[in-house]
Amino acid sequence: MLRTHTCGEARASLAGKEVTLAGWVHTRRDHGELTFIDLRDRYGITQVVAHAKENPAAHKALGKARNEWVLRVRGTVRPRPEGTKNPKLPTGEVEIAASEIEVLNESKTPPFYVNEETEVEETLRWKYRYVDLRRERSRDIIKLRHEVTNFIRNFFVERGFWEIETTMMIRSDPTGARDFIVPSRYYPGKFWALPQSPQQLKQILMVGGIDKYVQIARCFRDEDPRADRIYELTQLDVEMSFAEPDDVMSIVEECYTAVFERFAKKPLHRKPWPRITFDDAVRLYGSDRPDTRFAMELVDLTDAFRATSFAVFRDVIADGGAVRGIVVPGKAGATRKDIDGWTVVAKTKGAKGLVSFAIAGSEIRSPVAKFLSANELAELRRTSVAKDGDLVLAVAADYHTASMSIGTLRSHLGATLGLADESAHHAMWVYRFPMFERTPEGGWTFSHNPFAGPLTAEDANLMETDPGEARSSQYDLVIDGNELGGGSIRIHNRALQERALEILGVPKHEAAVRFGALLDALEYGAPPEGGIATGMDRTVMILAGLSNARETIAFPKTQTGYDPLLDAPAAADPKLLEELGLRVVAKPEKHD
RNA sequence: GGUCCCGUGGUGCAGCGGCCUAGCAUACGUCCCUGUCAAGGACGAGAUCGCCGGUUCGAAUCCGGUCGGGACCGCCA
């Protein structure tokens, strides 16, 4: 090694010892005859000093060095003179009196500060990620990710799980997200797909008797990215044979509890974690991933307006719908503009409108007050338990739509009004999901994935008679209102799997083509099994308190998937396209 | 596919019709300086205000378009 110690190791115990350090110039303080530099590496920062009279050569070299130059420093560790120790640095007791400086490499002036915590535009950070990674903040996040990943891997391996890598080139299937595809040279016109998850493969591993599988798996989904969503995501992928839902939830809860206790900045609010049914989550929070860091539970106002002459409520209730609301504390004074904004939020989940009721003393102000009787308003106040100065917001629609609309508004208000308790992480399980949900077209879609099994034998029967009532074995891990992952006990019987796919609109013959391998495997002694996948990017995001997932990965892309570091995507060599049997028909885009 | 916000020396911000010959901080360069640690001091260089077009006597500033970035909706089993 070019060094004997790292820049984080210098301590009083090394005093008098000759050491060699290598690292980057963090800052330089030139006092003329006396020059200091702080030398930085991954491990820390050490002050190096040289005096013009004591060591002219070293002093000259330090004077010439600039930020981010790479130096090798030989010198003697010595205690700093009394009164010049720096308690802010772990190495602040000592300094290196330089005897020899070797410039390993010079550096251009960096495009942004390494030694300061200023915000820098992301595209620039990603383009110069090698500079950005030297910054303390970036390094800490990447280190955290490494430690969390390593901890989780060890956790499962220690419990008998085998880590198995699954292939990254699989069969494309038009369910779920859009696939990234890879052309084939031997089979021109045919394509592999990058896996959206190793779902089918891990189930096939169970059929192969692997019993317990774990993988920190890269997954690819070509959907428009968001702050917490990226093209390439990493998931903790786990599968267990002969498992029941509680087995999977228990081991993941144990793992995540350990992870949060070790790496999070704040405690978990409850152990063991609460488990809430999907129905209760919708009823109380209007969400399948409730943020319980604040209360503001939904109230049901249907009964208060059951006899109303107000047409909007009356018609919805007559159709079997519901009036669902929330009480916003102290917001009776909300402006028309506020309420219009909240109406837009509620409408994104299907609400036709939003009705507000401001509780002002004995009076209730509402745009629809004139259509409602005094009795109904009194009942509204009683049912909602709204206090003077509160604002009640309500949506009338079918029960699910009304609940989800108000729930979305609840989340929005929680975020914008800063209602969440920031002193603890709220982890929970949501379970007893419906197996199928209605699509806007009137068909069925799955709430988890097409391989999730029914919760009980009774639910399996309901798949035949009344699919909408069948409950799934699915369970979701939710932390602070974020869906961190989900899993289920899988269907391990070909006929039942075919039936499930049929309900989802995939006829048997088509299923045999699209899911042939898995369906065939189910006929060769597939064990009952289940598992889970959780998002590592989001996990690290929450642990580090970040608002976007890009910072948790080493080489991020922009919102449109552009990689500023590698300048990708890029055109392919025409010869390669020829070999692959591809011709580009898209108009070239002009990117500046 | 859609909505909203942003684009000003290397970086981060201010300026939002004329007072801008574009301001501040920091970084950068030269010089001074023996105990600093965000060192200090003096001087200096560095920007056609993303791009195109329009309105106006006059545009960084207003309008339209476009490119890029971000947040969100759709989408994301």
Side-chain angles (χ1 to χ4, degrees), chain A residues 26-39 45-54 59 63 66-68 80-89 91-92 95 108-128 131-132 173-179 196-197 199-200 219-231 233 341 344-345 347-350 408 412 415 433 435-437 439-440 444-452 472 474 483 486 488 500-501 504 506 515 533 535 547-548 550 557-560 562 564 589-592:
Chain A
H26 189 65
T27 56
R28 187 171 60 97
R29 293 177 294 280
D30 185 347
H31 289 239
E33 292 202 330
L34 184 70
T35 298
F36 303 94
I37 62 151
D38 288 343
L39 198 67
I45 289 175
T46 295
Q47 174 166 286
V48 177
V49 62
H51 195 287
K53 300 230 171 75
E54 287 166 15
H59 175 262
R66 291 294 179 268
N67 283 355
E68 301 311 312
R80 298 193 190 186
E82 217 38 64
T84 68
K85 297 184 193 304
N86 185 352
K88 283 188 272 181
L89 287 179
T91 60
E95 63 192 1
K108 293 165 85 170
T109 301
F112 48 82
Y113 308 105
V114 174
N115 51 16
E116 273 185 41
E117 268 292 306
T118 46
E119 287 282 324
V120 179
E121 196 200 331
E122 283 186 10
T123 317
L124 195 68
R125 290 178 59 196
W126 308 155
K127 176 167 181 174
Y128 296 96
V131 174
D132 183 63
D173 180 71
T175 51
R178 191 179 296 111
D179 282 327
Q196 294 179 31
S197 92
Q199 182 62 41
Q200 295 181 58
C219 308
F220 304 86
R221 296 176 193 174
D222 187 6
E223 295 296 340
D224 292 350
R226 287 290 147 73
D228 63 347
R229 247 167 39 194
I230 44 186
Y231 277 166
L233 53 125
V344 171
V345 174
K347 281 183 173 173
T348 62
K349 293 294 171 182
T408 300
H412 174 83
F433 283 78
M435 284 227 20
F436 306 103
E437 292 167 8
T439 63
W444 293 106
T445 184
F446 38 89
S447 68
H448 176 47
N449 68 37
F451 315 113
S472 155
Q474 179 190 351
E483 186 195 324
S488 64
L501 288 166
L504 296 167
V506 183
F515 307 107
S547 55
N548 84 60
R550 289 183 294 277
K557 297 174 173 56
T558 71
Q559 200 170 59
T560 51
Y562 175 68
E589 298 260 340
K590 46 208 174 279
H591 290 285
D592 284 318

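Order of the sequence lines sets the chain letters (A, B, ...), proteins ahead of strands, with each chain counted from 1.
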K.L.:
Would A:R29 and A:D38 pass as an ion pair if we require N to O under 4.0 Å?
P.N.:
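Looking at A:R29 and A:D38, the cut-off is met.
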K.L.:
Can you tell me the pairing partner of B:C4 across any strand shown, Watson-Crick or G-U wobble, with both distances under 3.5 angstrom?
P.N.:
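B:G70 is the nucleotide pairing with B:C4.
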K.L.:
Write down the partner of B:C24 under the Watson-Crick or G-U wobble criteria, each distance required to be under 3.5 Å.
P.N.:
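By the stated definition (distances under 3.5 Å), B:G12 pairs with B:C24.
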K.L.:
Would you say A:N86 places a side-chain N or O within less than 4.0 Å of OP1 or OP2 belonging to B:G35?
P.N.:
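It does not, given that no N or O in the side chain of A:N86 lies less than 4.0 Å from OP1 or OP2 of B:G35.
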K.L.:
Determine the Euclidean distance between corresponding P atoms of B:G41 and B:A60; express it in Å to zero decimal places.
P.N.:
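Looking at atom P only, B:A60 and B:G41 are 35 Å apart.
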K.L.:
Rounded to whole angstrom, note down the P distance from B:C49 over to B:G23.
P.N.:
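Taking atom P in both B:C49 and B:G23, they lie 14 Å apart.
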K.L.:
Can you give me every donor-acceptor pair (side chain of residues 109-119 of chain A, partner residue at least two apart or in another chain, under 3.5 Å) with its distance?
P.N.:
unit_1 : atom_1 : unit_2 : atom_2 : d
A:N115 : ND2    : A:H26  : O      : 2.9

K.L.:
Should B:C62 form a Watson-Crick or G-U wobble pair with both distances under 3.5 Å, which nucleotide is its partner?
P.N.:
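Base partner found: B:G54.
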K.L.:
Scan every strand shown for a Watson-Crick or G-U wobble partner of B:C43, both distances under 3.5 Å, and answer none if you come up empty.
P.N.:
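Looking at the geometry, B:C43 pairs with B:G29.
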K.L.:
Sugar-phosphate atoms are those with a prime plus P, OP1 and OP2; base atoms are the rest. Using that split, label each nucleotide of nucleotides 7-14 of chain B B, S or - for protein heavy atoms under 4.0 Å, 5' to 3'.
P.N.:
---BBS--
K.L.:
I'd like the C1' distance from B:G69 over to B:A27, given in whole Å.
P.N.:
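Pairwise C1' distance, B:A27 against B:G69, rounds to 23 Å.
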K.L.:
So, does A:R29 get its side chain near the phosphate of B:U34, meaning an N or O under 4.0 Å from OP1 or OP2?
P.N.:
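Answer is no, no contact under 4.0 Å.
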K.L.:
Would you say a side-chain N or O of A:T27 is under 4.0 Å from OP1 or OP2 of B:A39?
P.N.:
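So the side-chain polar atoms of A:T27 do come within 4.0 Å of the phosphate oxygens OP1 or OP2 of B:A39, strictly under.
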K.L.:
Taking only the side-chain nitrogens and oxygens of A:R550, find out if one of them lies under 4.0 Å from OP1 or OP2 of B:A71.
P.N.:
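Checking A:R550 against B:A71: at least one side-chain N or O falls below 4.0 Å of OP1 or OP2.
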